[in-house]
Amino acid sequence: MTSEIQKKIADFIDSQILGDTDLFLVEVRVAAGNNIAVFMDADSGVTIDKCVKLNRALYKHIEEAGIFPNNDFSLEVSSPGVDEPLKLIRQYKKNVGRTVEVTMLDDSKKEGKLISADENEIMIGEKNPKAKKPHPNNKTTDNKNRSTSILINQIRHTVVLVTF
C-alpha cells in the first residue's frame with residue numbers, strides 16, 4: 001500500500017512541477033503513522049518558497065483525494081539536506097566540483113572532488129596520500145592527485161562532505 005501511496009504522491013508532484021525545469025523530485029517516504037516526507041532538489045538550489053508552495057498544494061490534494069482515511073497524516077516537503085546520500089544522477093551532476101565520500105558495495109570508501117557524472121560512472125579527483133611531495137626546488141608537478149572512475153552500479157551511497 002505504501003508504494004501505491006508514494007506513486008500517487010510522486011505523480012501529483014510531477015504534475016505540479018512540470019513547467020519548472022530546475023526543480024525535481026528526489027524521493028517520497030511514507031513512514032508509520034502516515035508521516036509523509038517529500039524530498040525535492042533543484043539544479044540551482046531549492047528555495048523555502050518552492051517547498052511551501054508545493055507543501056500547500058500537495059496537502060490539499062491528499063485531503064481531497066482521500067488518500068488517508070480521516071485525513072490522518074503529516075506532511076513535510078524539504079530539500080534532502082547534507083546528511084542524505086545522493087540518489088539521482090541529476091544530484092551528482094549538480095554537485096560537480098564539491099568534495100564527496102563514496103561508499104562502495106564492498107564497504108571501501110573513496111573521497112575526493114567530484115569531477116564529472118553520467119548515467120554509467122562518476123569521476124572523482126582523489127588525493128594520493130602515498131605520493132611523495134616534490135622537493136621545493138623542483139618545479140615539476142607532483143603526483144598527489146589522481147582521477148578515479150567509479151561505476152554507478154558499484155556505489156552503495158555517496159554523500160557530499162561539508163568542508164570549511
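Because the structure is a prediction, the values reported are computed rather than measured. Sequential numbering from 1 along the given sequence is applied to the chain's residues.
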If hydrophobic residues (ILVMFWY) are linked whenever their side-chain heavy atoms come closer than 4.5 Å, directly or via other members, who joins [X] in its cluster?
X: Met123; value: Ile115
X: Ile48; value: Val52
X: Ile150; value: Leu86, Ile89, Tyr92, Val96, Val100, Val102, Met104, Leu114, Ile122, Ile124, Ile152, Ile155, Val160

With sequence neighbours excluded, what pairs up with [X] under the side-chain contact (heavy atoms from CB on, under 4.5 Å) test?
X: Leu161; answer: Thr99, Glu101, Glu111, Val159
X: Asp107; answer: Thr103, Arg156
X: Val162; answer: Val82, Phe164

TODO: For residues Thr158 and Pro85, determine if any side-chain heavy atom of one lies less than 4.5 Å from a side-chain heavy atom of the other.
DONE: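 Sidechains of Pro85 and Thr158: no contact.
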
Task: Results of ring pair (Phe, Tyr, Trp, His ring centres under 6.0 Å) for His61 - residues two or more places apart only - done: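 Partners of His61 under the ring pair (Phe, Tyr, Trp, His ring centres under 6.0 Å) test: Phe12.
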
Open item on the list: Checking Thr148 now: which residues fulfil side chain to side chain donor-acceptor pair (under 3.5 Å) with it, not counting sequence neighbours?
Closed with: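 For Thr148, the residues satisfying side chain to side chain donor-acceptor pair (under 3.5 Å) (neighbours in sequence not counted) are Glu126.
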
TODO: Please identify each residue that fulfils side chain to side chain donor-acceptor pair (under 3.5 Å) with Ser108, with sequence neighbours left out.
DONE: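 If we apply the side chain to side chain donor-acceptor pair (under 3.5 Å) test to Ser108, skipping adjacent residues, the hits are Asp106.
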
Task: Non-hydrogen atoms of Cys51 and Ser78 that approach each other most closely - done: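 Nearest heavy atoms, Cys51 then Ser78: SG-CA, 3.8 Å.
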
Task: Shared hydrophobic cluster for Ile17 and Ile62 (ILVMFWY, side-chain gaps under 4.5 Å) - done: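 Linked within one cluster.
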
TODO: Spell out, yes or no, whether Val26 and Ile9 are grouped together once hydrophobic residues are joined by side-chain heavy atoms under 4.5 Å, including indirect joins.
DONE: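 Hydrophobic grouping puts Val26 apart from Ile9.
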
TODO: Measure the spacing between CG of Leu88 and CG of Leu25 and express it to the nearest 0.5 Å.
DONE: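 Answer for the CG-CG pair, Leu88 versus Leu25, is 8.0 Å.
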
Task: Separation of Leu75 CG from Glu63 CD (nearest 0.5 Å) - done: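 Here the rounded value is 10.0 Å.
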
Please report, to 0.1 Å, the donor-acceptor pairs under 3.5 Å made by any side chain of residues 30-43, with sequence neighbours excluded.
| unit_1 | atom_1 | unit_2 | atom_2 | d |
| --- | --- | --- | --- | --- |
| Asn34 | ND2 | Asp72 | O | 2.9 |
| Asn35 | OD1 | Ser74 | OG | 2.5 |
| Asn35 | ND2 | Ala32 | O | 2.8 |
| Asp41 | OD1 | Lys94 | NZ | 2.4 |
| Asp41 | OD2 | Gln91 | NE2 | 3.4 |
| Asp43 | OD1 | Arg90 | NE | 3.1 |
| Asp43 | OD2 | Arg90 | NE | 3.4 |
| Asp43 | OD2 | Arg90 | NH2 | 2.7 |

Open item on the list: Going by side-chain hydrogen bond (donor to acceptor under 3.5 Å, both in side chains), name the pairs with one or both residues in residues 49-60, residues two or more places apart or in two chains.
Closed with: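 Passing the test, one end in residues 49-60: Asp20-Lys50.
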
Task: Selection residues 78-89 - residue pairs positive for salt bridge (charged side-chain N to carboxylate O under 4.0 Å, His left out), sequence neighbours left out - done: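 The answer is Glu27-Lys87, Arg29-Glu84.
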
